[in-house]
Amino acid sequence: MSVHDVNVAVIYYSSTGTVAELARLIADAAEHAGADVRLRRVAELAPRSAIDSNPAWAANVAATADILEATHDDVLWADAVLFGTPTRFGNVTSQLKQFVDTLGGLWQQGRLADKVYSGFTASATKHGGQESTLLALYNTIHHFGGILIAPGYTDPAKFTDGNPYGTSHVGGPDTPVDADAATAARVQAARTVRFAKAIKAGLAATS
């Protein structure tokens, strides 16, 4: 197969910018691994007054204004989709969940099945619900009939960041994404692309 033989969509929500930075790292790593990549953010649902009350939130909205909003076409185009979300009480943010919920029609048509999916997250505190957030996200993938590719402990670096469910980072706007999270992002992106290529080729060979 050619170098750019799979399409990867990185679709995320970020309030103060941490998940946005993880999304960029994952998108760059997926491209480096040989994928065509679309980096997309989901629509903001919070009122402007709430955004403006938090300088870091307002700054991130401005900084990411040039990133296109995710559409159904981005999911249909993709052979692999990586969803990113901060934790909200140990769960997926309403912004990302709202986008996922709009995919119901595509799910009914079976058009979300047989794609590769993976997820990444961040929280402001240690043990702040990162693993439960990813597990909650992955419930949806099972309903899609998607093929879940989590990083697991498949690379020595994973024993440093310690999250087998997906890339994660502890911190907010005053705690930039660190080297451990950046490495985890590269590992996850490369693994996702690798299996997307293999599954796409395998399905084509058996169709």
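Source: prediction; values computed, not measured.
Nearest heavy atoms, A136 versus N91: CB-OD1, 3.5 Å. Minimum heavy-atom separation, G166 to K158: O-NZ, 4.3 Å. Nearest heavy atoms, A30 versus V8: CB-CG1, 4.3 Å. Shortest non-hydrogen contact noted between T64 and A20 is CG2-CB, 4.3 Å. Scanning all heavy atoms of the two residues, the minimum distance from A70 to I11 falls at CB-CG2, 3.8 Å. A pairwise comparison of heavy atoms in Y165 and Y138 identifies O-OH, 2.5 Å as the closest pair.
More than 12 non-hydrogen atoms from other residues, nucleotides or ligands lie less than 6.0 angstrom from CZ of R88. The local environment of NE2 in H143 is sparse, with at most 12 non-hydrogen atoms from other residues, nucleotides or ligands closer than 6.0 Å.
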> Between L103 and F144, is a side-chain contact (heavy atoms from CB on, under 4.5 Å) present by the stated rule, with each step listed?
Replying inline: CA-CA 10 Å; L103 300 174; F144 285 175; 4.0 Å; yes
>> Between V61 and R48, does the side-chain contact (heavy atoms from CB on, under 4.5 Å) criterion hold? Intermediate values first, please.
In response: CA-CA 10 Å; V61 168; R48 189 71 217 191; 3.8 Å; yes
>> If you apply the rule side-chain contact (heavy atoms from CB on, under 4.5 Å), what do you find for H169 with T175, and how did you get there?
In response: CA-CA 9 Å; H169 177 68; T175 311; 4.2 Å; yes
> Would V177 and T18 count as a side-chain contact (heavy atoms from CB on, under 4.5 Å) if you check the C-alpha gap in whole Å, the side-chain angles of each, and the deciding distance to 0.1 Å?
Replying inline: CA-CA 7 Å; V177 172; T18 301; 4.2 Å; yes
> Under the side-chain hydrogen bond (donor to acceptor under 3.5 Å, both in side chains) criterion, do T85 and T93 qualify, and how do the steps go?
Replying inline: CA-CA 6 Å; T85 176; T93 58; 3.1 Å; yes
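Proximity of I149 to R191: side-chain heavy atoms (C-beta onward) are separated by under 4.5 Å at one or more points.
In the hydrophobic clustering of ILVMFWY residues, with side-chain heavy atoms under 4.5 Å counting as a link, L76 and W107 come out together. Cluster membership check: I67 shares its hydrophobic cluster with I26, using side-chain heavy-atom separations under 4.5 Å among Ile, Leu, Val, Met, Phe, Trp and Tyr. At a threshold of 4.5 Å between side-chain heavy atoms, the hydrophobic network of Ile, Leu, Val, Met, Phe, Trp and Tyr places L45 and I51 in two separate groups. Clustering ILVMFWY residues whenever any of their side-chain heavy atoms sit less than 4.5 angstrom apart, transitively, puts V75 in a cluster other than the one holding L39. Linking Ile, Leu, Val, Met, Phe, Trp and Tyr whenever their side-chain heavy atoms come within less than 4.5 Å leaves L82 and I141 in two separate clusters.
S123 places no side-chain N or O within 3.5 Å of a backbone atom of T87 that could act as its donor or acceptor partner. Of the possible polar contacts, none joining the Q130 side chain to the S168 backbone as a donor-acceptor pair under 3.5 Å is found. A side-chain donor-acceptor contact under 3.5 Å links K115 to the backbone of A78. Without hydrogens or angle criteria, H142 side chain to L148 main chain gives no donor-acceptor distance under 3.5 Å. Using modelled atom types, one side-chain atom of D74 and one backbone atom of T71 make a donor-acceptor pair closer than 3.5 Å. Looking at N60, its side chain does come within 3.5 Å of a backbone N or O of S15 through a donor-acceptor pair. With D79 contributing its side chain and A196 its backbone, the two residues share no donor-acceptor pair below 3.5 Å. Proximity of a side-chain donor or acceptor of Y13 to a complementary backbone N or O of F83 within less than 3.5 Å is not detected. No side-chain donor-acceptor contact under 3.5 Å links R186 to the backbone of L25.
For the residue pair D180 / T183, no side-chain donor-acceptor distance below 3.5 Å is found, with atom types taken as modelled.
Ion pairing between a basic and an acidic side chain is recognised when a charged N comes within 4.0 Å of a carboxylate O; R24 and D28 show no such pairing. Salt bridge annotation for R41-E69: present, with a cationic side-chain nitrogen under 4.0 angstrom from a carboxylate oxygen. Of the charged side-chain nitrogens involved, at least one lies within less than 4.0 Å of a carboxylate oxygen, so that D73 and R38 count as a salt-bridged pair.
Rounding to the nearest 0.5 Å places CZ of F89 at 11.0 Å from OG1 of T133. To the nearest 0.5 Å, atom OH of residue Y117 and atom CD1 of residue I147 are 9.0 Å apart. Between atom CG of residue L96 and atom OG of residue S14 there is a gap of 11.5 Å, rounded to the nearest 0.5 Å.
Between F99 and H72, the two ring planes are perpendicular [angle over 60°; tilted spans 30° to 60°].
A side chain to side chain donor-acceptor pair (under 3.5 Å) with Q188 is found for one member of D155, T154, N163, T167 and no other, namely T167.
Legend: residues meeting salt bridge (Lys or Arg N to Asp or Glu O under 4.0 Å) with D174, ordered by chain and number and at least two apart, are absent.
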